[in-house]
Amino acid sequence: MYCKQLVKPDGRQLTLYSRRPIVAGLAPSPFPQPQGANPHLRWHPLRGEWVAYAAYRQGRTFLPPPQYNPLAPTRDPAHPTELPAGDYDIAVFDNRFPTLALDAHDPPDLTVATAPAAGHCEVVVFAQDAGASLGTLPVSHIVLLLQAWAARTQELASRPGIAYVLPFENRGAEVGVTLHHPHGQIYAYPFVPPVPARMLEQERAYFAGHGQALLVDMARQEADAGTRLLYLGPEAIAFVPACARYPYEAWVMPRRQTDSFAALSAEQREDLARALKTVLLKYDGLWQREMPYLMAWYQAPTDGRAHPETQLHAQFYPPYRTRERLKYLAGTELAAGMYAMDALPEESARQLQQVRVAWEMSEEIA
């Protein structure tokens with residue numbers, strides 16, 4: 001992996017990653033001056049959790065026409081985008097409109113507890129080609145992305161006050177994406193957020209009783225059953241979980257206990273990239289169109305401790321329940337917190353299994 005660090009005119013950091021030596025000029029920015037972002041947190045007494053507030057995000061770029069794509073490489077220096085022209089594969093830069101900022105300060109004094117939203121938010125541009133998608137990239141490019149996620153996690157974990165790093169991708173207008181160029185984000189939180197915190201509680205309890213990571217055992221059981229399998233390789237697995245809360249939900253993970261991107265071996269990265277690509281190709285092949293989804297990668301907290309109880313893994317949440325119908329979170333999901341499914345995971349897995357991914361015939365992957 002090759003890496004080059006640059007600084008934008010407005011002070012934001014830009015890091016380029018590539019499978020070959022990087023050729024790129026100065027870091028551009030559509031904005032000459034710093035944002036001066038100062039988000040804050042407000043405590044929700046009934047739910048026992050923080051809510052972030054960043055009102056300036058209302059003004060962020062929203063579905064611009066292709067000629068004004070801010071994530072495309074700069075072609076005209078008089079009209080800079082977020083990325084330089086050059087030879088590189090992946091770009092990571094500080095979000096201009098962050099929900100969390102390391103220098104956040106002076107939260108308002110309210111009737112509920114408040115605090116600075118002291119974290120960090122980054123944008124990860126998967127490729128220079130605006131027409132590409134994560135699933136169409138070669139395996140070697142996805143391997144590089146796994147390496148970049150590891151590098152970013154380690155870098156962010158070294159900053160004071162960071163407790164958890166979450167890479168994710170929103171794909172499609174149905175899940176609220178504001179730019180169609182293939183990209184994701186990384187949030188670095190000052191605490192372990194509620195969803196991974198709850199999962200960690202379950203993983204710790206299981207490990208205490210079984211001496212093994214919960215997800216490693218689940219992966220082995222899914223491999224043995226085969227009913228919901230989407231990919232099974234020597235080092236990685238993908239499946240529709242028996243407890244899926246979305247009709248076409250899928251999980252992707254290493255088969256051996258591995259708590260973070262940084263802990264992956266070269267063999268695991270290669271097979272994990274193939275598992276990830278397989279799921280994405282199956283999604284797009286299901287109805288012969290791009291499948292929207294939320295992809296979230298969970299890993300160990302950045303507290304410097306060993307976490308044999310937890311497992312690096314991705315969870316995919318596609319919003320469709322049929323070809324034409326979205327699954328909306330309604331009364332029982334939002335009001336009660338209990339998900340209700342109209343489709344059996346076994347049937348969803350069967351449909352995805354029928355989408356063939358012809359690895360041996362793909363020149364792109366070879």
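Only this structure's heavy atoms are used, side chains among them; waters, hydrogens and symmetry mates stay out.
Linking Ile, Leu, Val, Met, Phe, Trp and Tyr residues whenever their side-chain heavy atoms come within less than 4.5 Å places Leu276 and Tyr17 in a single cluster. No continuous path of hydrophobic side-chain contacts links Leu326 to Tyr246 [ILVMFWY only; heavy atoms under 4.5 Å]. The hydrophobic cluster containing Val165 also contains Phe261, counting ILVMFWY residues as joined when their side-chain heavy atoms lie under 4.5 angstrom apart, directly or transitively. Hydrophobic clustering, with ILVMFWY side chains joined whenever heavy atoms are under 4.5 angstrom apart, keeps Val252 apart from Leu294. Both Leu166 and Met199 belong to a single network of hydrophobic side chains, linked directly or stepwise wherever heavy atoms of I, L, V, M, F, W or Y lie under 4.5 Å apart.
Between Leu100 and His120 the shortest heavy-atom distance is CB-N, 3.6 Å.
Taking the ring axis of Phe126 as reference, the NZ or CZ atom of Arg171 does not stay both within 45° of it and closer than 6.0 Å to the ring centre.
Side chain to side chain, Glu203 and Thr310 meet the donor-acceptor criterion of an N or O pair below 3.5 Å.
Applying the salt bridge (Lys or Arg N to Asp or Glu O under 4.0 Å) definition to pairs two or more places apart or across chains, those involving residues 118-129 are Glu122-Arg152.
With hydrogens and angles disregarded, no donor-acceptor distance shorter than 3.5 Å links the side chain of Glu309 to the backbone of Gln212. The closest donor-acceptor contact from the side chain of Thr74 to the backbone of Pro77 lies at 3.5 Å or more, if one exists at all.
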Mind listing the side-chain donor-acceptor pairs of residues 329-340 below 3.5 Å, one per line with the distance, residues two or more places apart or on another chain?
{"from": "Thr332", "atom 1": "OG1", "to": "Met338", "atom 2": "O", "distance (Å)": "3.0"}
{"from": "Glu333", "atom 1": "OE1", "to": "Ala330", "atom 2": "N", "distance (Å)": "3.1"}
{"from": "Glu333", "atom 1": "OE2", "to": "Lys327", "atom 2": "NZ", "distance (Å)": "3.2"}
{"from": "Glu333", "atom 1": "OE2", "to": "Ala340", "atom 2": "N", "distance (Å)": "3.4"}

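Heavy-atom neighbours of Arg159 CZ from other residues, nucleotides or ligands within 6.0 Å: above the threshold of 12. Heavy-atom contacts from other residues, nucleotides or ligands closer than 6.0 Å to CZ of Arg323 number more than 12.
Relative ring orientation between Tyr187 and Tyr189 is described as tilted, the plane-to-plane angle lying within the 30° to 60° band. Ring geometry for Trp297 versus Trp149: interplanar angle of 30 to 60°, hence tilted. The aromatic rings of Tyr283 and Phe316 lie perpendicular to each other, with more than 60° between the two planes, well past the 30° mark.
Looking at Pro34, Ser29, Pro80, Pro84 one by one, the single match for side-chain contact (heavy atoms from CB on, under 4.5 Å) with Lys8 turns out to be Ser29.
Arg96 has a carboxylate O that lies under 4.0 Å from a charged side-chain N of Asp10, or vice versa, which qualifies the two as a salt bridge.
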